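Reading through the structure tokens given below for one structure.
On a predicted model such as this, the values are computed, not experimentally measured, just so you know.
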Amino acid sequence: MKFIDYNKLKEFYTIKETCDLFEMPKDELKEKCAKYNILPTWNEIGESGFVKYDIRRLHNKLYYEDRGHQEERDPWKD
């Protein structure tokens with residue numbers, strides 16, 4: 001997963017823009033979103049996509065998945 005500067009993200013990304021941002025096909029994006037329970041929403045003009053917060057969450061999940069850290073950290077283990 002490539003580096004994304006969170007400070008430069010737009011407030012909303014359509015599904016196509018999200019595919020372009022993450023460099024992945026739509027069906028793979030759909031699968032990853034389902035895996036991490038990050039669902040698209042609609043903006044004020046009726047486009048479906050993701051708000052900045054969800055883009056950041058999904059990017060973080062995919063980044064750690066790529067690095068081999070698929071297990072969630074458990075704050076209660078310490």
How long is the gap from CD1 on Ile38 to CG on Leu58, to the nearest 0.5 Å? 4.5 Å

Enumerate the side chain to side chain donor-acceptor pair (under 3.5 Å) contacts for residues 39-49, please, sequence neighbours excluded, ordered by first and then second residue. Asn43-Glu47

Close side-chain approach of Glu65 to Lys32, heavy-atom, < 4.5 Å: yes

Going from CZ on Arg57 to CG on Leu62, what distance comes out if it is rounded to the nearest 0.5 angstrom? 11.5 Å

Would you check if the side chain of His59 reaches a backbone N or O of Asp54 as a donor-acceptor pair within less than 3.5 Å? no

Report the residues that fulfil side chain to side chain contact (heavy atoms under 4.5 Å, CB included) with Asn7, sequence neighbours left out, ordered by chain and then residue number. Asp5

If hydrophobic residues (ILVMFWY) are linked whenever their side-chain heavy atoms come closer than 4.5 Å, directly or via other members, who joins Phe12 in its cluster? Val51, Tyr53

Looking at side-chain heavy atoms only, is the closest gap between Tyr63 and Ile4 below 4.5 Å? no

Flag side-chain contact, heavy atom, 4.5 Å: Phe50 against Glu17: no

Among all residues two or more places apart in sequence or in another chain, which pass the side-chain hydrogen bond (donor to acceptor under 3.5 Å, both in side chains) test with Lys52? Glu11

Only counting residues at least two apart or in another chain, list the ones meeting salt bridge (Lys or Arg N to Asp or Glu O under 4.0 Å) with Arg56. none

Could you go through residues 18-31 and list every donor-acceptor pair under 3.5 Å that involves a side-chain atom there, pairing it with any protein atom two or more places apart or in another chain?
from: Thr18; atom 1: OG1; to: Thr14; atom 2: O; distance (Å): 2.8
from: Asp20; atom 1: OD2; to: Lys16; atom 2: NZ; distance (Å): 3.1

